[in-house]
2 protein chains.
Amino acid sequence: MAVPTGDSLESPRLTSAQRVLSILGVFDTENLSLSLSEISRRTGLTLSTTHRLVNELRCWGALSRSGDGKYSIGLRILELGTLTPQGGQLREIALPYLHDLQHATRANIHLGVPQGHDIVYIESLRARDTVPVPSRLGGRWPMHATGTGLVLLAHSSQEFQEEVLASKLRRYTENTLTDPDALRHFLAEVRKAGVAVVESQLTRDVMAVAVPIRGPRDHVVAAVGITVPSGSVSPRSLVPALSASARSISRALGAPSAAAGGPPRRPAHWQVREVKYSTSVAQREPGLVGG
Amino acid sequence: MAVPTGDSLESPRLTSAQRVLSILGVFDTENLSLSLSEISRRTGLTLSTTHRLVNELRCWGALSRSGDGKYSIGLRILELGTLTPQGGQLREIALPYLHDLQHATRANIHLGVPQGHDIVYIESLRARDTVPVPSRLGGRWPMHATGTGLVLLAHSSQEFQEEVLASKLRRYTENTLTDPDALRHFLAEVRKAGVAVVESQLTRDVMAVAVPIRGPRDHVVAAVGITVPSGSVSPRSLVPALSASARSISRALGAPSAAAGGPPRRPAHWQVREVKYSTSVAQREPGLVGG
DNA sequence: AGCCGAATTCCACGGAGCGGAAGGGTATTT
DNA sequence: AAATACCCTTCCGCTCCGTGGAATTCGGCT
């Protein structure tokens, strides 16, 4: 159905569920707390509608009201977020290894998973005495611009890779890989070497090294990366520690290829119903995090 | 079955926003992934309604579908959760100090903020070689049952304390403080000593030590706690490190009483009656839907 | 005071969303 | 192999809920 209005501000005909979600969607890192009117303006909803929905969200705990009368995201959302397969179990399992890795390398450590064309960081351990990197827990960046993202992309399906390569690839620095052919070549290298080393792709004078993490069916489910200031240390020297950590995490996740010594260890009493195409991590944790 | 009998599940006349939220609400730590039908049953919504709403949520990223066709909470929720004032900035600021604290003590570290009558953990650093404690990031427990919760309660408004004491106080172990008078006495001790030391209140054979963290207006905005196995170390020996960390975090948050170089903190008179809005504690929900 | 913006409440109308029912798929049972 | 029992998906008419405009209150600023 053609849109009859030539108005630049057409009414997007939202469903009521979309209205609710659009309210949550106006919050971002630059808008951590917003007044009712601001929410109304940014969503395009009328003030009365916004008022009613915001109150329902607040009662449920999805929004909270701070001292100045403004609204921000509520703790209930934080709780919910820990229930994601990635942010919950995967992060939980990986965390001790990431701590060890940071302790050993004193660098910034990131753990990321794919979502859409982006990579989302489900953990970000920042070193105190190194360059600040623009990545935080919950942060999202295009895959082609980060070391961890390129690792994930390299191990994605062929069609997905082409889909990403065909999209608009934003250039962040002069080093950002945006040429499809160059990227294809780079991704092949990453697959072959098992590690991605990038320099100043997203941020100048920052080097990143990243390797994949595999899950129960040996699929790449996440990537772990280290970022250090350019020239501080040889990136290659970080690879062994990084690889070891990634392998430990993979093993803890039940990845066959990372199984210790003998045959692939299978989590007992855990019936895996044959799944068609599992792009996400399996559900239950083997439960051997501690010692 | 359309009989409006006095069934335990009567039709609660939900608004459409509540329907959306109720879908998100059926996920918890024991139900990390649910099929469409399960969501439908647990929410009480009809299958077709559930189907439509779930799809809208999935398109937006609030839900994701895993390989086996089940749904779980989506990464977008995780991202949103990092935008909460507590889970975002506060956690971000506190994290390095908590890491140091864990490194020094090798114990479980928790950072919690109040919500309703509960305490919610916005960070949980688990020691590898100690007892497992039933607390995870995003976990929620009654204030009266945890060391951190008791600290927060002790520094809440008088009326809020009474409100909590008047509510049903669940007993988790034989040590759980459930008697209002005993609790009042304990809370007074906590205020006086500036630290809460509890033993096996929530979990047997686990000791917890917790101290408050103060924000810009010197309000207690969070609590940090350590848990160790009973008898392993003297809880008192952990207090100095814990207090130092809490003070560092308070200072980083801009708490006047923790300002660098200032005079030793005096046992503040807590008659700060003019609590305008304490951003967190005074979070009641007077606005009831409908009305 | 007067002005302005924000927040809150009220109400009638219209169409979005609800739910019943039917169709198609897949695994489990007889 | 037929039968059974789920589960997921789609369609469509009716109804009731949500919408948005207007009116009211509140608070800050000149």
Side-chain angles (χ1 to χ4, degrees), chain A residues 1 3-5 7 9-24 26 31 33-60 63-72 271-278, chain B residues 1-5 7 9-23 26 31 33-60 63-72 276-277 284-291:
Chain A
M1 173 175 178
V3 181
T5 78
D7 197 342
L9 289 178
E10 58 200 36
S11 59
R13 278 299 77 196
L14 294 176
T15 69
S16 66
Q18 287 169 336
R19 277 180 245 257
V20 172
L21 295 173
S22 72
I23 289 180
L24 296 178
V26 298
N31 299 279
S33 76
L34 296 165
S35 73
L36 186 64
S37 304
E38 286 170 327
I39 297 174
S40 169
R41 273 192 299 272
R42 294 171 62 94
T43 56
L45 303 175
T46 65
L47 196 55
S48 54
T49 295
T50 308
H51 180 259
R52 186 173 38 82
L53 292 180
V54 159
N55 264 339
E56 296 198 61
L57 287 168
R58 185 177 57 79
C59 288
W60 191 79
L63 292 180
S64 71
R65 194 160 197 186
S66 48
D68 54 1
K70 290 186 168 186
Y71 295 90
S72 32
Q271 316 251 67
V272 181
R273 301 176 62 182
E274 275 302 313
V275 288
K276 306 298 190 305
Y277 22 77
S278 85
Chain B
M1 303 306 163
V3 183
T5 64
D7 197 336
L9 286 180
E10 61 199 32
S11 64
R13 274 305 73 195
L14 294 177
T15 70
S16 67
Q18 288 169 335
R19 276 181 249 257
V20 172
L21 295 174
S22 72
I23 289 181
V26 298
N31 299 279
S33 77
L34 295 166
S35 73
L36 186 65
S37 304
E38 286 169 328
I39 297 174
S40 169
R41 274 192 298 272
R42 293 171 64 92
T43 56
L45 303 175
T46 64
L47 197 56
S48 54
T49 296
T50 308
H51 180 257
R52 185 172 38 81
L53 292 180
V54 160
N55 264 338
E56 295 199 63
L57 287 167
R58 186 177 55 79
C59 288
W60 191 80
L63 292 180
S64 71
R65 194 160 197 187
S66 48
D68 54 1
K70 290 187 167 186
Y71 295 90
S72 29
K276 291 183 150 184
Y277 302 90
R284 304 201 46 201
E285 288 154 0
L288 202 55
V289 193

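Note that the structure is a prediction, hence the values are computed from the model and not measured. A note on names: the letters A, B, ... follow the listed sequences, proteins ahead of strands, and every chain is numbered from 1.
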* Among the candidates D/dG18, D/dT9, C/dG17, find the nucleotide nearest to the side-chain atoms of A/T15. => C/dG17

* Structure fact -> Note: A/L47 and A/S37 closest approach over all heavy atoms is CD1-CA, 4.1 Å

* To do: Round to the nearest Å and state the distance from A/L47 atom CG to C/dG5 atom C1'.
  => 11 Å

* Euclidean distance, B/T46 OG1 relative to B/R19 CZ, rounded to 0.5 Å -> 8.5 Å

Please write out the pairs of protein N or O atoms and N or O atoms of nucleotides 21-26 of chain D separated by less than 3.5 Å, giving the distance to one decimal.
residue	atom	partner	partner atom	Å
D/dG21	O6	A/S48	OG	3.3

* Asked: Rounding to a whole Å, what distance do you find between B/N55:CG and D/dT9:C1'?
  -> 9 Å

* With rounding to the nearest 0.5 Å, note down the distance linking CG in A/L53 to OG in B/S16. => 7.0 Å

* Rounded distance (nearest 0.5 Å) linking atom CG of A/L21 with atom OG1 of A/T15 -> 7.5 Å

* Structure fact -> What residues 36-45 of chain A contributes to the DNA chain C interface at heavy-atom separation below 4.0 Å is A/L36, A/S37, A/R41

* Asked: Stem ranges for DNA chain D, with three or more consecutive Watson-Crick or G-U pairs under 3.5 Å?
  -> C:3-22 with D:9-28, C:25-30 with D:1-6

* To do: For residues A/L24 and A/L63, determine if any side-chain heavy atom of one lies less than 4.5 Å from a side-chain heavy atom of the other.
  => yes

* Structure fact -> Value for OG (A/S66) from OH (A/Y71), rounded to nearest 0.5 Å, stands at 9.5 Å

* When the distance from CG of A/L53 to C1' of D/dG18 is rounded to whole Å, what number comes out? -> 9 Å

* Is there a donor-acceptor contact under 3.5 Å from the side chain of A/S35 to the main chain of A/K70? -> no

* Asked: Can you tell me how far C1' of C/dT26 sits from CG of B/D68, to the nearest Å?
  -> 14 Å

* Structure fact -> note: A/R19, atom CZ; C/dG15, atom C1'; distance rounded to Å ~ 11 Å

* Under the side chain to side chain contact (heavy atoms under 4.5 Å, CB included) criterion, do A/R42 and A/N31 qualify, and how do the steps go? -> CA-CA 11 Å; A/R42 294 171 62 94; A/N31 299 279; 3.3 Å; yes

* **Atom pair distance, as rounded to whole Å: CG in B/L14 and C1' in D/dG18** => 14 Å

* Asked: OP1, OP2 of C/dA6 versus side-chain N and O of A/S35: anything below 4.0 Å?
  -> no

* Asked: Looking at CD of B/E38 and OG1 of B/T50, how far apart are the two atoms once the value is rounded to the nearest 0.5 Å?
  -> 12.0 Å

* Asked: Can you find a pair of side-chain heavy atoms, one from B/I23 and one from B/L45, that are under 4.5 Å apart?
  -> yes

* Structure fact -> B/L34 CG to D/dC7 C1', in whole Å, measures 14 Å

* Ignoring backbone atoms, establish whether A/H51 has a side-chain N or O less than 4.0 Å from OP1 or OP2 of C/dA7. => no

* To do: Return the 5'-most residue of the pair B/T49, A/Y71 with respect to DNA chain C, ranking by each residue's nearest nucleotide.
  => A/Y71

* Asked: Any sub-3.5 Å donor-acceptor pair from B/R58's side-chain atoms to B/R65's backbone N or O?
  -> no

